[in-house]
Amino acid sequence: MSSSNIVLGKNQYGKAENRVVKITRDTDRHEIEDLNVTSQLRGDLTAAHIDGDNAHVVPTDTQKNTVFAFARDGIGSPEEFLIRLANHFTGEFEWITGGRWEAEQYAWERIIANGEEHNHSFVRKGQEVRNSVVTKDGDNIYVISGLNDLTVLKSTQSGFVGYPKDKYTTLQETTDRILATEVSARWRYNNEAVANGSIDFNAVYADVKALLLEGFSEEYSYALQQTLFQMAQKVFNAHPEIDELRFSTPNKHHFVVDLTPFGLDNPGEVFFAADRPYGLIEANFERETISDPGNSWDGIVGFC
Ligand SMILES: O=c1[nH]c(=O)c2[nH]c(=O)[nH]c2[nH]1
């Protein structure tokens with residue numbers, strides 16, 4: 001049975017992937033901020049979908065222009081920039097009751113020329129990509145920050161033993177292996193801390209990244225699963241303003257190559273770095289008591 005009565009479900013719209021580069025050039029020593037910003041609005045948009053009435057449709061083109069115009073005042077941090085956009089659109093247009101604003105940030109560092117940091121020449125930093133999602137729903141505002149592609153490896157102090165074995169098990173236990181992964185992590189800030197404006201997002205970002213790296217490297221790893229918990233513990237201990245932390249981490253296997261056909265030994269020095277298949281280890285951690293996440297995780301894919 002089909003019905004001709006169709007009602008509009010969840011919807012949002014806007015301009016995706018506005019690539020905005022801001023150069024601050026008050027002095028000869030320029031600063032660069034490089035973002036990929038997506039703006040999407042939510043609200044009373046039924047007439048637009050059902051009747052073709054665009055009276056409530058703030059054009060995606062206007063959303064794009066607003067992103068670039070706001071960059072004129074500086075970006076500061078992706079989170080602050082997105083919060084500004086969220087407050088602007090919901091304040092300017094009464095039927096826009098919320099939305100979702102997302103950014104990736106690409107890091108640059110100064111080129112070293114003749115032993116000195118250059119004033120206005122930069123080279124892209126190759127480590128991770130920073131990201132943030134701000135969701136506004138009425139008066140509630142949620143901030144999730146994170147990073148992708150933080151590739152890390154420890155060449156010892158990792159093992160994997162004690163797992164169940166059946167007739168399909170061929171994996172040998174080891175107490176000394178390479179552990180390598182590409183960390184994707186997202187953390188959600190406590191709603192109250194977001195609302196009272198007390199968070200220095202850039203400082204917390206730098207510290208969380210440093211703590212994740214410390215957590216990965218410091219202790220012996222019994223499994224990537226346990227290492228994720230050690231990384232999470234570091235972050236939660238240092239940052240009361242963070243309520244939740246999610247990980248998605250491929251276990252990038254490194255297999256010891258058999259060199260005996262060539263009359264050579266291989267005491268854990270030559271490895272085949274397999275790109276697939278890979279273990280995929282995902283885990284979410286949160287405090288026992290957390291602020292309401294609302295719908296803030298919607299649309300954040302790649303985590304469990
Ligand atoms: O750290 C690991 N976790 C696993 O779940 C797993 N499974 C596997 O085959 N090797 C590993 N390593």
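Indexing begins at 1, ligand by ligand and atom by atom, following the structure's order.
- Using a cutoff of 4.0 Å between basic side-chain nitrogens and carboxylate oxygens, E17 and R19 are not scored as salt-bridged.
- Protein heavy atom at the shortest distance from atom 6 (C) of ligand 1 is F160 CZ, 3.3 Å.
- Residue A223 has at least one heavy-atom neighbour below 4.0 Å for each of these atoms of ligand 1: 1 (O).
- Closest to atom 12 (N) of ligand 1, if we only count protein heavy atoms, is R177 NH1, 3.0 Å.
- Salt-bridge check for D73 with R84: passed, with a basic side-chain N closer than 4.0 Å to an acidic carboxylate O.
- Cation-pi geometry between K165 and Y163 is satisfied (NZ or CZ under 6.0 Å from the ring centre, within 45° of the ring normal).
- Residue contact check: L224 has heavy atoms under 4.0 Å from atoms 1 (O), 2 (C) of ligand 1.
- Formation of a donor-acceptor pair under 3.5 Å by the T169 side chain with backbone atoms of L171 is not found in this model.
- Scanning all protein heavy atoms for the shortest distance to atom 9 (O) of ligand 1 gives L171 CD2, 3.5 Å.
- Proximity to N251 (heavy-atom distance under 4.0 Å) selects the following atoms of ligand 1: 1 (O), 2 (C), 11 (C), 12 (N).
- Taking the six-membered ring for Trp, F285 and F236 have ring centres at least 6.0 Å apart.
- For L179, no heavy-atom contact with ligand 1 is shorter than 4.0 Å.
- The pair E31-R110 meets the salt-bridge criterion, with a side-chain N (NZ, NE, NH1 or NH2) lying under 4.0 Å from an Asp/Glu carboxylate O.
- Closest to atom 3 (N) of ligand 1 among all protein heavy atoms lies Q225 OE1, 2.9 Å.
- Considering backbone and side-chain atoms together, H253 places no N or O closer than 3.5 Å to any N or O of ligand 1.
- Residue contacts with ligand 1, taken as heavy atom pairs separated by less than 4.0 Å, do not involve Q226 at all.
- Taking a cutoff of 4.0 Å between a charged side-chain nitrogen and a carboxylate oxygen, R130 and E128 do not qualify as a salt bridge.
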